[in-house]
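Every number for a ligand or one of its atoms is a count from 1 in the order of the listing.
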Amino acid sequence: MPGEYTLTYFPVRGRGEAIRLLLADQGQEWTEDVVNGEIWKKGDLKKLCAFGQVPRFQDGNFILHQSNAILRHLARNHGLYGEDAKEAALLDMVNDGVEDLRNKYARLIYQNYESGKAAYIEALPAELAPFEKLLAENDGGKGFIVGKQVIKPSQLPVEDRHLDWPLMVFRRWRQLLWGEIHTLLLMCVHC
Ligand SMILES: N[C@@H](CCC(=O)N[C@@H](CS)C(=O)NCC(=O)O)C(=O)O
């Protein structure tokens, strides 16, 4: 519902972008509460944050921190967390794999960019191979990294349940699982 969601984050993609993409993909509206350096340095907001960091997310009166917890909360609320507990566990597995890779990327860009770039790029195919393997193995490589679709058919609007095939192909391509979106973001993270 418009106005329900507020994302508090710096004016960068970073750890806010997967949240934004998930909301946009689900046709949700949200308010951007942009934190610039000056606001952050005052320290008042930091004190309000559970771990002293953003993103901070408001879902009505419910306040949440930790980007992956926010993603999981939204995934549960919007039917993106698999068909059952096992699919949810597999989604956690993939997202934790993404988190590991994100941390390597963050170390590169913040600590070792000029001298570490070449080695990082050389290692990237091997780092992405587990994700490709999971994609290839799931349902004969037909679509998603976990499960067979993003939205459960029961949660699709009635008019979308009988899509003609070009639209179905388009939706399968567009509606990436949030874990997969997160993977794509590794290439453009600046937090
Ligand atoms: N594990 C946290 C990490 C959050 C984090 O690293 N936030 C950074 C921006 S991307 C931050 O708030 N930095 C400012 C600070 O630590 O004072 C998450 O996933 O949300």
Side-chain angles (χ1 to χ4, degrees), residues 3-26 28-82 85 87-117 120-121 123-124 127-128 130-131 134 144-146 150 176-191:
E4 285 275 296
Y5 294 143
T6 300
L7 174 66
T8 301
Y9 195 60
F10 298 121
V12 295
R13 291 189 289 257
R15 285 189 177 271
E17 196 71 353
I19 298 165
R20 295 184 185 109
L21 280 177
L22 188 154
L23 291 171
D25 185 63
Q26 294 302 301
Q28 300 297 305
E29 291 184 25
W30 72 97
T31 303
E32 288 275 346
D33 175 20
V34 181
V35 185
N36 60 32
E38 205 180 318
I39 296 173
W40 189 249
K41 273 185 212 143
K42 284 186 190 157
D44 299 340
L45 174 60
K46 191 175 176 73
K47 281 188 208 142
L48 287 179
C49 296
F51 294 91
Q53 292 189 310
V54 285
R56 172 183 174 88
F57 191 76
Q58 278 178 254
D59 175 353
N61 294 327
F62 179 63
I63 297 177
L64 197 57
H65 299 89
Q66 290 291 354
S67 57
N68 289 312
I70 297 165
L71 284 171
R72 282 192 288 268
H73 170 67
L74 289 171
R76 283 186 204 100
N77 284 358
H78 292 279
L80 306 174
Y81 211 0
E87 280 196 6
L90 287 171
L91 285 166
D92 286 345
M93 178 187 83
V94 174
N95 199 51
D96 286 358
V98 170
E99 181 67 22
D100 289 349
L101 188 48
R102 167 188 277 273
N103 287 335
K104 288 180 192 168
Y105 182 69
R107 276 198 294 280
L108 168 76
I109 59 173
Y110 291 121
Q111 297 169 10
N112 193 23
Y113 189 63
E114 284 313 321
S115 54
K117 200 164 46 173
Y120 182 88
I121 290 170
L124 200 52
E127 296 282 2
L128 293 174
F131 299 100
L134 288 167
F144 302 100
I145 211 156
V146 175
V150 174
L176 298 171
L177 278 177
W178 58 271
E180 294 170 77
I181 291 170
H182 204 170
T183 306
L184 292 175
L185 284 169
L186 282 169
M187 304 314 294
C188 57
V189 166
H190 290 287
C191 75

Any N/O pair Lys46/ligand 1 closer than 3.5 Å: yes

Nearest heavy-atom pair of Glu29 and Tyr5: which atoms, and what distance? O-CD1, 3.9 Å

Answer with side chain, backbone, both or neither: which part of Tyr9 has a heavy atom less than 4.0 angstrom from an atom of ligand 1? side chain

Could you go through Met93 and Leu134, starting from their C-alpha distance and side-chain angles, then the distance that decides it, and tell me whether this counts as side-chain contact (heavy atoms from CB on, under 4.5 Å)? CA-CA 11 Å; Met93 178 187 83; Leu134 288 167; 4.0 Å; yes

Closer than 4.0 Å to some heavy atom of Pro55 - which atoms of ligand 1 meet that? 20 (O)

Inter-residue atom distance Ser67.OG - Gln53.CD, 0.5 Å rounding: 9.5 Å

Between Arg56 (side chain) and Leu45 (backbone), is there a donor-acceptor pair under 3.5 Å? no

By number and element, which atoms of ligand 1 are closer than 4.0 Å to a non-hydrogen atom of Gln66? 1 (N), 2 (C), 18 (C), 19 (O), 20 (O)

Check each atom of ligand 1 against the heavy atoms of Val54 and keep those under 4.0 Å away; list them by number with element. 4 (C), 5 (C), 7 (N), 8 (C), 9 (C), 11 (C), 12 (O)

Would you say Trp40 contacts ligand 1, with heavy atoms under 4.0 Å as the rule? yes

Does a side-chain N-to-carboxylate-O contact under 4.0 Å join Lys41 and Glu38? no

Give yes if a backbone or side-chain nitrogen or oxygen of Gln53 is under 3.5 Å from a nitrogen or oxygen of ligand 1, and no if not. yes

What's the spacing between Leu101 CG and Leu128 CG if we round to 0.5 Å? 6.0 Å

